[in-house]
Amino acid sequence: MAYRFKTELRHSDVTPEAAFFNRRQLLAGAGGALLAGGVPGLAAAQSGGNKYSTDAEPNSFEEITTYNNFYEFGTSKEDPAQNAGAMKVSPWTVKVGGLVDKPGDYALDDLLAGLDVEERIYRFRCVEAWSMVIPWNGVQLSKLLDKVGVQSGAKYVAFETAVLPDVMNGVKFPVPDWPYVEGLRLDEAMHPLTLMATGIYGKPMPNQNGAPMRLVVPWKYGFKSIKSIVRISLVKDEPPATWNQTNPREYGFYSNVNPNVSHPRWSQATERKIGGGFFAKRQKTEMFNGYGEEVAQLYQGMDLKKFF
Ligand code: MTE
C-alpha cells in the first residue's frame, strides 16, 4: 500500500479457469451449508439472493481466500492465507463504546444475536486496481448500530482491528501504526449496503479475510473494509484511518471508488478482475464501484477530487 506496490502475478492468474470448481454450484451448495448452521453460534435467519446483490459472476472461494491484504500477517498476497490460521477467533469480544445507549464488552454472538444474516454478493475494488466479486454473509451494520442505540451527538463510527503480536508477525514492523483503524461517517455506516460480514460462501469468515467479523463497504476502496474488528465507537469527530494517516496524499478518508481521480502513482480508470487469467482484458472501473444509484446522494455538493 503506502510503501509497497508491485505488479502482482500470482498462480491464480495463470491457472486455467477450468481448474476452478463450478462457482454457481458452490454458491448453491453454500447456501445449504449455512442453513445447516455454517455460522457457529448464529441462529439468525438467512435470506438468499437479495436486492442488494450484483448478478456478476462471483470469484471462487479459492481466489477469495488465497489472494488477500491483511498486513498484520505479512505484506504479500499469500501471507494471510499462510499465517492467519494461528489467530484464535473464538471466543471473541467486541468493545462497543462512545455515544451509544448500550456500551459494553460484547461476546460476538451476543452482539449479533437477533440480527438477520443475509447473503450479499458485492463487487470489491482494491485501491491497488484489482477487483473481485464476493458472496459475503453478514448483518447490515445499521441494524447492529440500532441494537446498541446511537446517540444524537454521534457523527462518525470508528473501528479497530485486534493486535495479537503472538500470531501477527506484521505488527512487529512500525509502519503502519497499529492497531489498524478505520472510520465512516454515520450516514455511510447506516447505509443499507454497509455490511458487517461474518462469512463467505456460507462458511464462517476465513481468518485471512478478517474473521470473525469485518466491515464491507462496497462503494469504497477495499482498505476501508477493516478486518477482525474488536472495537466499535460512536464519536463526534472524524476518527483516524490507518492508510490516510500513513500517507494522506495518497489515501483519503473517504476513499470512494472513483475512476476520475487517479492515485498519485497509478490510474484508477480500470481494474484487473482476479481470476480472469493473465491475458484477460482490464475492465472499466465504475464510479462508486457501480453503486452510484444507491450512494451518490450521500456526497451531494462535495468536491470528490478534494474529498477523495
Ligand atoms: N484490515 C486490516 N486489519 N488489515 C489490513 O491490512 N487490508 C485492507 C482491508 N482490511 C487490511 C484490512 C485492504 S488494502 C483490502 S484490499 C481488504 O482488506 C482486502 O480484503 P480481502 O483480503 O478479504 O480481499
Side-chain angles (χ1 to χ4, degrees), residues 1 5 8 23 49-60 63-64 67-70 77 118-138 140-142 157 159 182-185 187-197 200 209-210 214-227 241-244 250-276 280-300 302-308:
M1 295 270 303
F5 179 75
E8 331 91 332
R23 295 163 181 178
N50 167 312
K51 65 175 172 168
Y52 298 111
S53 290
T54 171
D55 52 13
E57 181 78 359
N59 280 86
S60 70
E63 287 159 356
I64 296 166
Y67 187 92
N68 299 101
N69 278 333
F70 199 165
K77 296 288 184 272
E118 298 179 46
E119 180 187 74
R120 300 279 183 94
I121 306 176
Y122 283 163
R123 287 181 291 277
F124 188 82
R125 169 62 156 82
C126 178
V127 73
E128 297 164 336
W130 55 263
S131 67
M132 297 201 200
V133 173
I134 304 182
W136 303 105
N137 311 96
Q140 211 172 284
L141 177 60
S142 68
V157 188
F159 304 91
E182 259 305 340
L184 295 173
R185 230 170 47 191
D187 58 347
E188 298 175 323
M190 295 304 278
H191 193 282
L193 282 170
T194 305
L195 198 67
M196 273 298 190
I200 292 174
N209 293 89
R214 59 90 59 88
L215 186 66
V216 177
V217 193
W219 71 94
K220 292 177 179 284
Y221 292 121
F223 66 85
K224 296 294 290 183
S225 293
I226 180 174
K227 296 180 168 182
T242 286
W243 291 113
N244 175 236
E250 298 195 351
Y251 306 103
F253 175 79
Y254 283 92
S255 285
N256 294 316
V257 175
N258 189 340
N260 308 313
V261 176
S262 295
H263 185 277
R265 290 182 281 133
W266 60 89
S267 163
Q268 295 291 25
T270 65
E271 64 202 50
R272 182 176 65 90
K273 188 176 173 193
I274 299 300
K281 258 186 74 178
R282 295 179 71 87
Q283 59 191 45
K284 273 195 170 159
T285 290
E286 293 180 68
M287 188 66 206
F288 297 116
N289 202 23
Y291 298 96
E293 214 172 291
E294 290 87 358
V295 302
Q297 85 279 356
L298 296 175
Y299 308 102
Q300 240 166 32
M302 277 175 71
D303 178 354
L304 297 179
K305 288 200 161 71
K306 185 167 171 221
F307 296 100
F308 62 95

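In summary, of the residues considered (R214, M196, K227), a side chain to side chain contact (heavy atoms under 4.5 Å, CB included) with F159 occurs for M196 alone. Screening R125, K281, K284 for a salt bridge (Lys or Arg N to Asp or Glu O under 4.0 Å) with E271, the sole residue that qualifies is R125.
Of all heavy-atom pairs spanning S267 and A129, the tightest one is O-CB, 4.5 Å. When every heavy atom of I274 is checked against every heavy atom of N59, the shortest pair comes out as O-ND2, 2.6 Å. Between E182 and T242, the shortest heavy-atom distance links the atoms OE2-N, 4.4 Å. The shortest heavy-atom contact between L298 and W219 is CD1-CZ2, 4.0 Å. Counting all heavy atoms, side chain and backbone alike, Y52 lies closest to P192 at OH-CB, 3.4 Å. Here the shortest heavy-atom pairing between I121 and S53 reads N-OG, 2.9 Å.
Atom CG of residue L141 and atom CG of residue L193 lie 12.0 Å apart, to the nearest 0.5 angstrom. Separating the CD atom in E188 from the CG atom in N256 is a distance of 6.5 Å, to the nearest 0.5 Å. Put simply, OG1 on T270 and CZ on R282 are 3.5 Å apart, with the number rounded to the nearest 0.5 Å. Of the inter-residue distances, the one linking W243 atom CH2 with S255 atom OG reads 12.0 Å to the nearest 0.5 angstrom. Here OG of S225 is found 11.5 Å from CG of N209. Values are rounded to the nearest 0.5 Å. The CG atom of N50 sits 15.0 Å away from the CH2 atom of W136 when rounded to the nearest 0.5 Å.
By the 4.5 Å heavy-atom criterion applied to side chains, L304 and M287 are counted as neighbours. Side-chain contact between Y291 and E286 is absent, with no heavy-atom pair separated by less than 4.5 Å. Using a 4.5 Å heavy-atom threshold, the side chains of L184 and K220 count as touching. No side-chain heavy atom of V133 sits under 4.5 Å from any side-chain heavy atom of F124. Contact of the S131 side chain with the Q283 side chain is registered, since non-hydrogen atoms from C-beta on lie closer than 4.5 Å. With contacts defined as side-chain heavy-atom distances shorter than 4.5 Å, the pair N289/R123 qualifies. Side-chain contact between H191 and S142: absent, with no pair of heavy atoms (C-beta onward) separated by less than 4.5 Å.
At least one cation-pi condition fails for K224 and Y254: the charged atom is not both under 6.0 angstrom from the six-membered ring centre and inside a 45 degree cone around its axis.
Between Y67 and W130, a ring centre-to-centre spacing shorter than 6.0 Å is recorded. Residues Y299 and F288 bring their aromatic ring centres within 6.0 Å.
Note on K77 versus E128: salt bridge recorded, some NZ/NE/NH1/NH2 to OD/OE distance being below 4.0 Å.
The backbone N or O of V127 sits less than 3.5 Å from a side-chain atom of Q268, completing a donor-acceptor pair.
Sparse packing is recorded around CD of E293, with 12 or fewer heavy atoms of other residues, nucleotides or ligands lying under 6.0 Å away.
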